[in-house]
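Okay, structure first, notes after.
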There are 2 protein chains.
Amino acid sequence: MTQRKVISFETIRVACKNCTLSQLCLPMGMSPEDVDRLDSIVKRSRPLHRGDHLFRSGERFRSLYVVKTGSVKTYTPSEEGGEQVLGFHLPGEIIGLDAIDQDCHACSAKVLETSAICEVPFQRFEELAASIPSLQHSMFRLLSKEIGHDAEMLLLLGKKNAEERLAAFLVSMSQRLSKRGLSPTDFYLSMSRHEIGNYLGLAVETVSRLFTRFQDEGLVKVDRKHVEILDLGTIESLAGTAQAAGSRKHSN
Amino acid sequence: MTQRKVISFETIRVACKNCTLSQLCLPMGMSPEDVDRLDSIVKRSRPLHRGDHLFRSGERFRSLYVVKTGSVKTYTPSEEGGEQVLGFHLPGEIIGLDAIDQDCHACSAKVLETSAICEVPFQRFEELAASIPSLQHSMFRLLSKEIGHDAEMLLLLGKKNAEERLAAFLVSMSQRLSKRGLSPTDFYLSMSRHEIGNYLGLAVETVSRLFTRFQDEGLVKVDRKHVEILDLGTIESLAGTAQAAGSRKHSN
DNA sequence: AACCCAGGTTGACATGCATCAAGGGTAAAT
DNA sequence: ATTTACCCTTGATGCATGTCAACCTGGGTT
């Protein structure tokens with residue numbers, strides 16, 4: 001159990017109140033005492049490693065998970081190894097929300113790189129939420145935000161072409177990383193081309209070709225997982241309902 | 001204000017406790033007294049008619065809406081009249097959940113046929129939820145369910161072909177209608193082919209051709225908006241990750 | 001150092017569905 | 001009853017992107 005380099009426990013035992021993610025995470029607008037109460041139910045485990053699962057499809061739902069460092073992908077495994085990637089989750093983002101309804105996980109969550117994850121036992125959380133109105137409100141907002149995000153993805157998959165999809169993906173990564181103080185134009189992708197393609201509803205080859213094309217056009221510089229965005233403005237305009245040259249999108 | 005035929009007010013003034021939808025809607029597992037409290041904040045307006053809006057994108061968020069009879073579509077209007085249909089909402093289903101986060105509606109909701117709608121002022125609802133644990137739980141589940149449903153749509157749009165999409169649409173309609181006691185195999189669609197196509201990420205023509213093909217294959221009988229499902233089993237198998245003849249789906 | 005192998009790239013080709021175009025049926029408006 | 005307008009259907013064509021195949025590349029292993 002200890003064969004891997006153990007990362008200093010200090011980096012794990014940071015409480016909610018000191019957490020730099022607290023504004024992204026749940027404790028928005030809570031009193032210090034209430035943050036302590038929330039803190040007391042949150043479990044912090046040792047770091048997880050690439051390939052580890054937070055949970056698997058079909059398992060009983062017990063906890064929500066918050067990414068503290070690293071990244072996680074969620075996906076629905078279908079028969080015969082096929083899968084649909086539902087999302088990539090960066091620090092401050094919450095995983096497992098879709099399982100509350102059925103009390104059972106419909107998707108699996110796999111760690112993409114060494115990551116620290118907070119676990120929030122849901123039953124205790126619900127009790128807490130009932131007694132802390134601002135926590136209940138945060139949770140409603142969080143769930144709602146997820147629904148809004150899904151709606152954006154529906155639009156992406158339903159109406160956008162390959163170019164727009166990849167541009168939107170890059171913009172999303174850029175925005176989410178910069179929100180936590182990292183460079184919006186220089187970052188490493190923790191997921192493979194395969195996973196990106198799956199997520200965006202594209203073949204791996206299409207993703208690869210688009211990266212190459214964006215690079216040829218001077219929009220990005222790509223070296224394996226390392227992405228430098230050279231012209232964020234143009235990529236943003238591609239990601240919107242930008243009229244891709246010569247391709248009026250259907251208005252169905 | 002009274003130029004249209006007024007539908008008997010009795011049909012509108014039904015309280016939550018008598019509502020046949022109460023098991024689909026919010027008051028799952030609430031005590032009679034608590035249902036009364038919920039009932040007291042719910043507003044029931046006169047019936048709305050085809051084309052009326054519950055709310056429009058950009059408007060301040062104030063209330064959730066529950067379809068009591070009829071049907072509603074939600075969609076994100078984009079520049080130049082293009083739009084993405086996000087969903088069709090049948091009796092018992094709740095609309096506006098995505099607006100909680102931003103406190104502002106990101107999509108519009110338009111009534112597809114004469115419909116009765118319950119309005120639930122959200123602020124008062126939240127106060128109530130904080131004092132009724134089972135109501136808070138119902139709400140968490142409801143939001144979660146919506147997220148789970150969106151994930152299914154992501155899979156549909158990301159991985160399924162046209163045939164599978166339309167089959168899935170028919171199965172979904174069938175299941176939702178039968179859940180409220182209507183025929184699972186004989187119903188009227190309240191939305192146009194255009195709207196179905198938009199929702200499924202397909203061109204109108206494709207939807208039309210598929211209806212024709214399903215009919216030729218003896219799976220359904222279609223006459224304009226009237227659909228009779230003749231072979232639900234086969235349609236269900238098409239809707240799943242059925243291997244459409246001669247088209248191994250990519251496993252990206 | 002040589003090997004291995006998963007992940008990535010690139011090219012050639014195939015195809016599902018969008019697009020374009022035209023015509024017919026149905027329901028509301030005059 | 002006639003007109004109008006929309007919705008739906010059907011056929012012909014083109015294109016974006018999936019599929020197949022080959023090769024490259026870098027990181028890890030023996």
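In what follows, chains carry the letters A, B, and so on, assigned in the order in which the sequence lines appear, proteins first and then strands, with residues in each chain numbered from 1. Bear in mind that the values here come from a model prediction, so they are computed numbers and not experimental data.
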No-H, no-angle donor-acceptor pair, B/Glu195 side chain to D/dC7 base, under 3.5 Å: no

Between P of D/dT9 and CG of B/Leu210, the distance in whole Å: 11 Å

Upstream residue (5' side of DNA chain D) when A/Glu205 and A/Arg224 are each assigned their closest nucleotide: A/Glu205

Out of D/dT17, C/dT10, D/dT9, whichever nucleotide has its closest atom nearest the side chain of A/Ser208: C/dT10

Donor-acceptor side-chain pairing of B/Thr234 and B/Asp231 below 3.5 angstrom: yes

A/Arg193 (side chain) and C/dT10 (base): donor-acceptor pair under 3.5 Å: no

Presence of donor-acceptor pair under 3.5 Å, side chain of A/Arg209 and base of C/dG8: no

Spacing of A/Asn161 atom CG relative to C/dA18 atom C1', expressed in whole Å: 13 Å

Short side-chain donor-acceptor distance under 3.5 Å, A/His149 and B/Asp150: no

B/Phe55 and B/Tyr65 aromatic centres sub-6.0 Å: yes

End axis versus end axis in the helix from C/dA1-D/dT30 to C/dT30-D/dA1, the angle rounded to 10°, five pairs used at each terminus: 40°

B/Thr206 side chain near C/dG16 phosphate (N/O to OP1/OP2, under 4.0 Å): no

Ignoring hydrogens and angles, write down the donor-acceptor pairs under 3.5 Å from the side chains of residues 213-223 of chain B, residues two or more places apart or on other chains.
residue: B/Arg213; atom: NH2; partner: B/Glu163; partner atom: OE2; Å: 2.3
residue: B/Gln215; atom: OE1; partner: B/Val222; partner atom: N; Å: 2.6

Between A/Ser71 and A/His89: side-chain donor-acceptor atoms closer than 3.5 Å: no

Parallel, tilted or perpendicular: ring planes of B/Phe61 versus B/His105, cut at 30 and 60 degrees: perpendicular

Interatomic distance where CZ belongs to B/Phe211 and P belongs to D/dC7 [whole Å]: 16 Å

Side-chain N or O of B/Lys225 closer than 4.0 Å to phosphate OP1/OP2 of D/dC8: yes

Integer-rounded Å distance: D/dT17 P and A/Glu164 CD: 9 Å

